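A short worksheet on the structure shown next.
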Amino acid sequence: MSDTLPKGYEPADVEAKWRERWRNDKTFTPDPDKGGDPYCIVIPPPNVTGALHIGHALNLTLIDTLCRHYRQKGKNVLWIPGTDHAGIATQNVVEKMIAREGLRRQDLGREKFIERVWQWREEYGNRILNQIESLGCSVDWTRLRFTLDEGLSKAVRKVFVQLYKEGLIYRGKYIINWCSRCHTALADDEVEHSDEKGHLWKVRYHIKDSDESIVIATTRPETIPGDTAICVHPEDERYTHLVGKTAIVPVLNREVPIIADKYVDREFGTGALKVTPCHDHNDWALGKTHNLVFLQVIDEDGIMTSEAGKYAGMSKQDCRKAIVADIEAMGDLLGVEDLNHSVGHCYRCHTVVEPHVSRQWFVATTKMAPRARQAIPADISLLPETWLKTYYHWLDNIRDWCISRQIWWGHRIPAWTCAACDHVIVSEEDPTVCPECGSHDLHQDEDVLDTWFSSALWPFSTLGWPEKTADLARWYPTSVLVTGFDILFFWVARMIIMGQHFMGEVPFRTVYLHALVRDAQGKKMSKSTGNVIDPLKMITTYGCDALRFTLTAFAAMGRDIKLSEERIEGYRHFVNKLWNAARFTLMNLGETAPAPVDLTAVKGLNNRWILHRLELLKQDMDKAFDEYRFNDVAQGGYKFLWGEFCDWYLELVKPDMANEEMRAESACVLYTVLKELLILLHPVMPFVTAEIWQALPGHEGEDLATIAWPEERPACIRNDDAARMEFIQSVIVAVRTIKAELDIAPSHRVVLKLHPADAGQEELLLANEGTIRTLARLESMEVGLGVHAPKASASSVVQGCEIIVPLKGNVDLQGELARLAKEMGKLTDALAVVDKKLANESFVSRAKPEIVQRERDRAAELKDNLSKLEVLKQRFTEALESGED
RNA sequence: GGGCGGUUAGCUCAGCUGGUAGAGCGCUGCCCUUACAAGGCAGAUGCCACAAGUUCAAGUCUUGUACCGCCCA
């Protein structure tokens with residue numbers, strides 16, 4: 001007996017060992033010149049500031065599962081790891097750090113500050129990488145990338161310059177979203193909206209040279225100083241007579257026109273709108289179409305400008321209070337209502353975002369969107385398909401993408417202005433002289449690019465573009481992009497746009513959008529709510545494989561995952577189960593691998609059955625992988641290992657191990673099934689499977705990560721034998737049920753008499769007598785058409801075969817009567833349903849013939865079982881009455 | 001306001017192209033059977049949200065209603 005596996009599975013040691021081996025052996029570093037279809041996934045680059053959270057864990061687990069599976073299937077797999085420099089987020093972190101030294105970034109100056117950020121990155125930027133490794137990710141560490149790497153920066157510049165030359169990047173003064181805390185512009189989708197309680201103020205504006213007035217409703221009275229028009233709906237009869245007249249802005253006494261536009265919602269507020277073109281996106285648009293004056297009254301720090309008259313210098317909050325008080329004092333405040341309205345916040349720091357007019361750089365995504373729209377489903381399949389509409393809707397309503405950020409950490413915009421002649425130079429190389437006037441006084445744009453700009457290039461920049469690398473030729477376009485739906489626009493759509501434009505080809509063939517991980521109550525996990533599940537803690541406590549298995553098992557397409565620690569704990573039991581099944585197998589195999597036998601010609605019914613089931617499992621899993629049904633991959637493995645391999649096969653094979661005739665065959669089947677099961681489960685639970693594998697005789701020291709998916713054995717699919725085995729199982733279960741329901745201890749050996757329905761059954765039962773005796777724990781077993789039940793017997797019927805357990809003396813005879821009644825009740829109910837169907841003329845004539853036949857067979861079997869039970873019950877009742885045995 | 005998803009066992013969820021309702025956890029009872037008590041065996045629990053329609057047949061398809069959630073405006 002060899003037992004090289006310790007009694008309990010210790011994840012920590014095992015995981016550390018395999019991580020180190022995979023790293024040292026460069027197991028996951030592919031050679032572009034090697035054969036096999038290319039298969040490539042780029043990691044959604046986590047922020048360098050990030051710590052691994054459960055969302056990453058899900059994402060990385062799913063990707064790793066795919067990579068490992070397709071590696072097994074012989075593809076040339078490349079998974080590129082890397083991190084994102086995360087402009088605003090990282091800058092915030094370092095700013096906070098230096099704040100502890102009493103410094104602001106301005107105190108350090110740009111150069112020194114950026115030095116500090118790089119320093120920070122050297123120190124902490126690897127944290128997330130180590131965490132990725134601790135999840136068992138089979139990434140190629142030799143191809144590690146960072147969005148601010150030299151190579152990637154080169155790609156960024158090239159893209160910027162080319163788009164500029166093509167007129168697809170431009171600079172202009174527009175209204176953008178401004179975070180006064182981060183002191184930068186934000187893209188539209190970097191603004192998070194949430195409903196907040198606010199107020200709706202109703203303010204009267206007097207009409208010039210008239211006694212009339214018009215009442216507007218506003219949620220932001222502090223913008224009143226910036227009003228340059230009043231707008232009403234052209235068909236709103238309440239106001240038509242006022243259109244074209246002039247209104248007076250309260251307090252400031254500025255004269256503004258009253259205009260009409262269909263944009264106005266007549267139902268909202270008073271139906272009259274004040275227009276502040278510099279401080280509202282919609283008003284900006286109105287200002288453009290109606291040629292209004294643009295007055296900026298709030299500055300970049302949220303302070304009222306000189307245009308705000310007496311409010312100049314106030315914070316916008318103070319201004320709101322002051323102006324409301326002033327208007328009220330004048331008697332022009334006609335009401336205040338509570339109102340829930342949507343307020344935009346910075347997605348990084350949650351400060352309320354201010355619409356703000358400034359000079360920014362834009363990518364003309366409006367021009368590029370139509371091609372990206374067409375890519376799905378033509379060139380890319382999007383899963384789950386439900387996201388298709390959302391994707392279209394976004395692209396159809398896209399605005400140009402504001403890509404400049406007024407921060408320091410990131411790719412600095414490669415644009416220079418000549419101080420002498422104002423000429424703008426956009427160039428890949430830093431220019432030294434103005435081509436227009438020859439001046440050397442050139443100033444580079446202070447801004448950096450939106451982090452997502454470099455992310456958009458990720459699928460080809462990581463493969464070496466703009467160089468023509470072997471990797472790029474081999475692996476672009478990548479195979480699949482796996483990510484959360486929350487960055488469909490931030491990232492996925494933009495990668496498609498950039499891939500199409502620069503590579504002439506979409507960046508990936510499939511996009512799989514996975515769910516969000518929520519807490520047990522379905523709430524979003526967040527640090528502030530305190531409901532986060534820390535994947536690293538879960539790995540320490542339950543082992544990485546348990547965490548991975550849980551995430552995979554819950555990853556049903558298109559549905560959020562509600563996760564709780566208990567579920568992970570539950571699946572740890574599964575890891576343990578596998579471990580113990582392997583220990584059992586190893587104990588029984590001995591030192592050397594069993595001699596091979598022809599698996600398509602095994603004799604044992606148990607062996608035929610498990611090989612049959614294994615074959616079906618392989619097919620199911622293969623298909624589930626291809627269709628991204630991760631939950632089915634996990635559940636399929638779970639059910640096979642626990643419900644079939646452990647619960648039945650290991651028990652069925654135990655007697656064979658002591659049986660000269662069967663030992664060779666069964667040892668080989670046992671060994672084979674375990675081995676192939678390990679391969680099948682390896683993508684989901686790499687560590688425990690790898691550890692068991694290297695302990696298998698004949699595979700000592702091997703790395704399961706390099707072992708191929710098992711070959712198919714169609715000849716092992718034997719439906720007839722499977723049905724036979726299932727019949728034997730039903731007989732065993734019937735005996736166990738009788739024992740359990742009559743309170744007979746499972747270990748109490750009983751006599752079993754079997755009256756088979758036909759000669760075939762008789763033969764089958766006799767051939768499997770050993771199995772039945774062991775698993776049903778019998779004292780003796782008798783089979784034959786001549787077998788009859790002693791009157792005092794517990795009984796049951798399985799597929800027409802009478803199962804008889806003679807009862808002796810002290811058992812609960814009334815209990816058996818109740819049991820029989822219950823069982824017969826079930827059968828009667830079932831029969832009634834089937835009979836009703838069969839009595840239905842249109843069912844018989846219209847349903848598919850095989851369905852009708854199946855119902856007929858079922859009815860016949862039910863009737864047969866029922867009548868047999870009836871007879872047995874009759875005898876039993878007589879026994880009860882006569883007191884006979 | 002527009003879009004999407006959900007409603008199935010006490011809880012969390014599977015149920016593909018319509019054809020006898022499933023799993024895990026929990027619960028009840030009996031068991032330390034030499035891989036595993038992180039275990040074994042057996043058991044109970046479902047008008048599959050509601051209403052109508054299509055069909056021989058609906059958890060599954062269609063429409064509507066209610067409630068919950070998410071995204072966008």
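Just so you know, these numbers come straight off a predicted model, no measurement behind them. By convention in this document, chain letters (A, B, ...) are assigned in the order of the sequence lines, proteins followed by strands, and residues within each chain are numbered from 1.
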Contact between A:Val14 and A:Val688 at the side-chain level, heavy atoms closer than 4.5 Å - yes or no? no
Please determine, for the side chain of A:Lys654, which listed nucleotide (B:G19, B:A35, B:A42) has the closest atom? B:A35
Options B:U12, B:G43, B:G19, nucleotide nearest the side-chain atoms of A:Lys822: B:G43
Rounded distance in Å between the P positions of B:U62 and B:G26: 37 Å
Rounding to a whole Å, what distance do you find between A:Arg736:CZ and B:G43:P? 11 Å
Here the helical stems involving RNA chain B, each at least 3 consecutive Watson-Crick or G-U pairs closer than 3.5 Å, sorted by first residue number, are B:1-7 with B:66-72, B:10-13 with B:22-25, B:27-31 with B:39-43, B:49-53 with B:61-65
Rounded distance (Å) that lies between atom P of B:A14 and atom OH of A:Tyr571: 12 Å
Here the gap from A:Leu578 atom CG to A:Leu678 atom CG, rounded to the nearest 0.5 Å, amounts to 6.0 Å
What's the closest nucleotide to the side chain of A:Lys826 if the choices are B:A44, B:A42, B:G29? B:A44
Compare all side-chain heavy atoms of A:Asp632 with those of A:Phe625 and state whether any distance is below 4.5 angstrom. no
Whole angstroms only, please: what is the NZ-C1' distance between A:Lys739 and B:C30? 12 Å
Rounding to an integer number of angstrom, what distance separates B:A37 and B:U33 when you compare their C1' atoms? 13 Å
Nucleotide B:U20, atom P - distance to CG of A:Asp835 in whole Å: 17 Å
When you measure from the side-chain N and O atoms of A:Lys577 to the phosphate of B:G40, is any distance below 4.0 Å, counting only OP1 and OP2? yes
Cation-pi, A:Tyr391 ring and A:Arg373 (6.0 angstrom, 45 degrees): no
Among B:U12, B:C41, B:A35, which nucleotide sits nearest the side chain of A:Glu651? B:A35
Aromatic A:Trp648 / basic A:Arg736 pairing, under 6.0 angstrom, 45° off normal: yes
Within the structure provided, determine whether A:Tyr628 and A:Pro384 are in side-chain contact (heavy-atom separation under 4.5 Å). no
Expressed as a whole number of Å, how far does the C1' atom of B:C30 sit from that of B:A44? 15 Å
Select base, sugar-phosphate, or nothing to describe what A:Thr737 touches, counting heavy atoms under 4.0 Å on all strands. sugar-phosphate
Just how far, in rounded Å, is P of B:G19 from CD of A:Glu850? 13 Å
Integer-rounded Å distance: B:A73 C1' and A:Arg399 CZ: 11 Å
Using the C1' atom in both, what is the distance from B:G5 to B:A52, to the nearest Å? 23 Å
Give me the atom names and distance for the closest heavy-atom approach of A:Lys577 to A:Cys646. CE-CB, 3.7 Å
Think A:Arg854 has a side-chain N or O under 4.0 angstrom from the OP1 or OP2 of B:U20? yes
Is A:Val733 touching bases, backbone alone, or none of the nucleic acid, heavy atoms closer than 4.0 Å? sugar-phosphate
For A:Val798 and A:Phe727, the nearest pair of non-hydrogen atoms, with its separation, is O-CE1, 3.7 Å
Separation of the P atoms in B:C25 and B:A42, to the nearest angstrom: 15 Å
With a 4.0 Å limit, can you tell me whether A:His573 has a side-chain N or O closer than that to the phosphate oxygens OP1/OP2 of B:G39? yes
Which comes earlier along RNA chain B counting from the 5' end, the contact point of A:Lys639 or that of A:Asn840, where each point is its nearest nucleotide? A:Lys639
Could you check which of B:C36, B:G19, B:C30 has an atom nearest any side-chain atom of A:Asn580? B:C36
Check every atom of B:G19, B:U12, B:A14 against the side chain of A:Asn631 and return the nucleotide holding the closest atom. B:A14
Taking all atoms of both residues into account, what is the closest heavy-atom pair of A:Cys231 and A:Val275, and its distance? CB-CG2, 3.7 Å
Provide the distance between the two C1' atoms, one in B:C50 and one in B:C67, to the nearest whole Å. 11 Å
Is the base of B:U12 touched by the side chain of A:Arg567 through a donor-acceptor pair closer than 3.5 angstrom? no
Closest-nucleotide mapping onto RNA chain B: is A:Lys837 or A:Phe645 further toward the 5' terminus? I mean the 5' end. A:Lys837
Ignoring backbone atoms, test whether A:Trp387 places a side-chain nitrogen or oxygen under 4.0 Å from the OP1 or OP2 oxygen of B:C70. no
With a 4.5 Å cut-off on side-chain heavy atoms, are A:Ile738 and A:Ser796 touching? yes
So, is A:Lys7 close to the B:G39 phosphate, meaning a side-chain N or O under 4.0 Å from OP1 or OP2? no
How many whole angstroms separate atom CD of A:Gln635 from atom P of B:U12? 17 Å
Look at the side chain of A:Phe843 and decide which nucleotide, out of B:G19, B:G39, B:A35, has an atom nearest to it. B:G19
Without decimals, in angstroms, what is the distance between A:His393 NE2 and B:A73 P? 8 Å
Separation of the C1' atoms in B:U7 and B:A49, to the nearest angstrom: 5 Å
Taking the C1' atom of each, how far is B:C27 from B:G10, in whole Å? 8 Å
